[in-house]
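One structure is given below, encoded as structure tokens.
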Number of protein chains: 2
Amino acid sequence: MSYHHGNLRQKLLERAAHVIAEQGIESLSLRALARDLGVSHAAPTRHFADKAALLRALATEGSDRFIDYIMTAADEAKDDPLERYAAMGKAYIRFSLTYPAYYRAINHPEVAAHADRKLNESAERRHDMIFEAARAAQAAGWLSDERTEDVMMFSIATVRGAAASLSDPLHGPGEMNLEDEDSTTDELIERIVRLIIDPAAPQKSRGRNAQKNAGTKGRNR
Amino acid sequence: MSYHHGNLRQKLLERAAHVIAEQGIESLSLRALARDLGVSHAAPTRHFADKAALLRALATEGSDRFIDYIMTAADEAKDDPLERYAAMGKAYIRFSLTYPAYYRAINHPEVAAHADRKLNESAERRHDMIFEAARAAQAAGWLSDERTEDVMMFSIATVRGAAASLSDPLHGPGEMNLEDEDSTTDELIERIVRLIIDPAAPQKSRGRNAQKNAGTKGRNR
DNA sequence: CCGCAAAGTTGTCATTGACAACATTGGGGC
DNA sequence: GCCCCAATGTTGTCAATGACAACTTTGCGG
């Protein structure tokens, strides 16, 4: 009864996520994980062939949740395509802060280098999801003269960079004054995404109704 | 004569940069570096107390070159502040592709965690350089109603995300169709930065003169 | 009820970062 | 001109880690 752990695989993933969130992916050690869970140093091998396999599993799980998270946020938004796209952008950044371990696993070079079919398929679903949303926003008039690939590259780059700037303790004191004075993270995300979507939108009404008429004003030509 | 290597410190940095560019920071090993240079495994200790110290040195050197690189690009641009800011954005992305080892070292979490005074000062100079350029662009009318912190966060996030998307082999097949058909990397950078700066700029004339009138048209309110 | 496969264990090896103790060399002070 | 010593490089060692091999325990299904 104490020999078979039962659900070691799941526990390993959970503990790994915890460690990654606390100390980063570099500090992850299979042996330390085993110690934390009170099993022998080689036990993880039964569930993950090597470190890359564990990270790949975490990334795959994370990528799927990422899709759900963003689709949920999109569906909760008004059905104006531009507002929907903005909601997805905000969700993208929020996911990276809410599930840092998933997000880091997804974006870790080592993981991408050892991707398998499932992970690649999930990545492709993510891509298609964003591509379709971008295309819909363009069809509604936003940046409609640009190539969709460029619009998507631009949007993803910005939210990705914002996620990086927000999560890394990185860039020491001075590089990025987050959370200054009276601005919460949510407000900052709101403003950043607004700059992607619609820099000319009226500042005063940028709450839930800010984009009510989006598609007929703002960044259109 | 063969005992004292002479300029081992410099050789170590160069070789480290090479390895990082080829195989990423994770694969960097002090012992492998020593082997490559034909010295004993402990020789690097004389120049860098530990791995973090080597990366810190690389990051500091890189940060200084980063500043020079961007300032040079800025000074070569027309003196319209917006065009200057765009030139800096493009230089930012190009630097990440031209000197991937420097760029990765600068942005590595482990490095930021062990920063010293020199590195922090260089990071601060980078920050100030960009901040001033953003402020000048705003003074010329671009996004002049936004907080400079937000404008800067937005700009940096986008170029940073673009750099990440362009350099990582990451996000397997399908996530990001770089270099499709007839588009070079330089053109892609051009289009991305144009989307930051001036989404309404005329598409036809986006060569060297594209932003000739920037600041009086385009993204202004 | 028992055998076999899943799951866990102990043991070992090569690699690595870090450190200590020792060796070599060349340049500056005398 | 010589010698000392500080800078630089070397050998040796240790603990941690990932990976692998060989063995053990357990419980489930025929």
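Letters go in sequence order (proteins before strands), and every chain restarts at 1. Nothing here was measured: the structure is a model prediction, and the numbers come from that model.
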When you measure from the side-chain N and O atoms of B:Ser29 to the phosphate of C:dG17, is any distance below 4.0 Å, counting only OP1 and OP2? yes

Figure out the CD/P separation between A:Glu26 and D:dT17, and round it to whole Å. 15 Å

Does anything in residues 7-23 of chain B come within less than 4.0 Å of DNA chain C? Heavy atoms only, and list the residues if so. none

In whole angstrom, what separates A:Phe48's CZ from C:dG8's P? 11 Å

Please report, rounded to the nearest Å, how far the P atom of C:dG8 is from the NE2 atom of A:His41. 14 Å

What nucleotide among C:dG8, C:dA18, D:dT17 has an atom nearest to a side-chain atom of A:Arg31? D:dT17

Aromatic ring proximity, centroids under 6.0 angstrom, A:Tyr103 and A:Tyr99: no

Proximity to the side chain of A:Arg46 - top-ranked nucleotide from C:dC19, D:dT10, C:dA7: C:dA7

Within this structure, what is the NZ-to-P distance between A:Lys51 and D:dC20, rounded to whole angstrom? 15 Å

Spacing of B:Arg35 atom CZ relative to D:dG9 atom P, expressed in whole Å: 18 Å

From CG of A:Leu33 across to P of D:dT17 the rounded distance in Å is 11 Å

In whole angstrom, what separates A:Asp36's CG from D:dT17's P? 11 Å

Output the rounded distance in Å from CG (A:Leu37) to C1' (C:dT9). 16 Å

Give a yes or no on whether the ring-centroid distance for B:Phe66 and B:Tyr92 is below 6.0 angstrom. yes

Where the side chain of A:His47 is concerned, which of C:dT16, D:dG9, C:dA7 is the nearest nucleotide? C:dA7

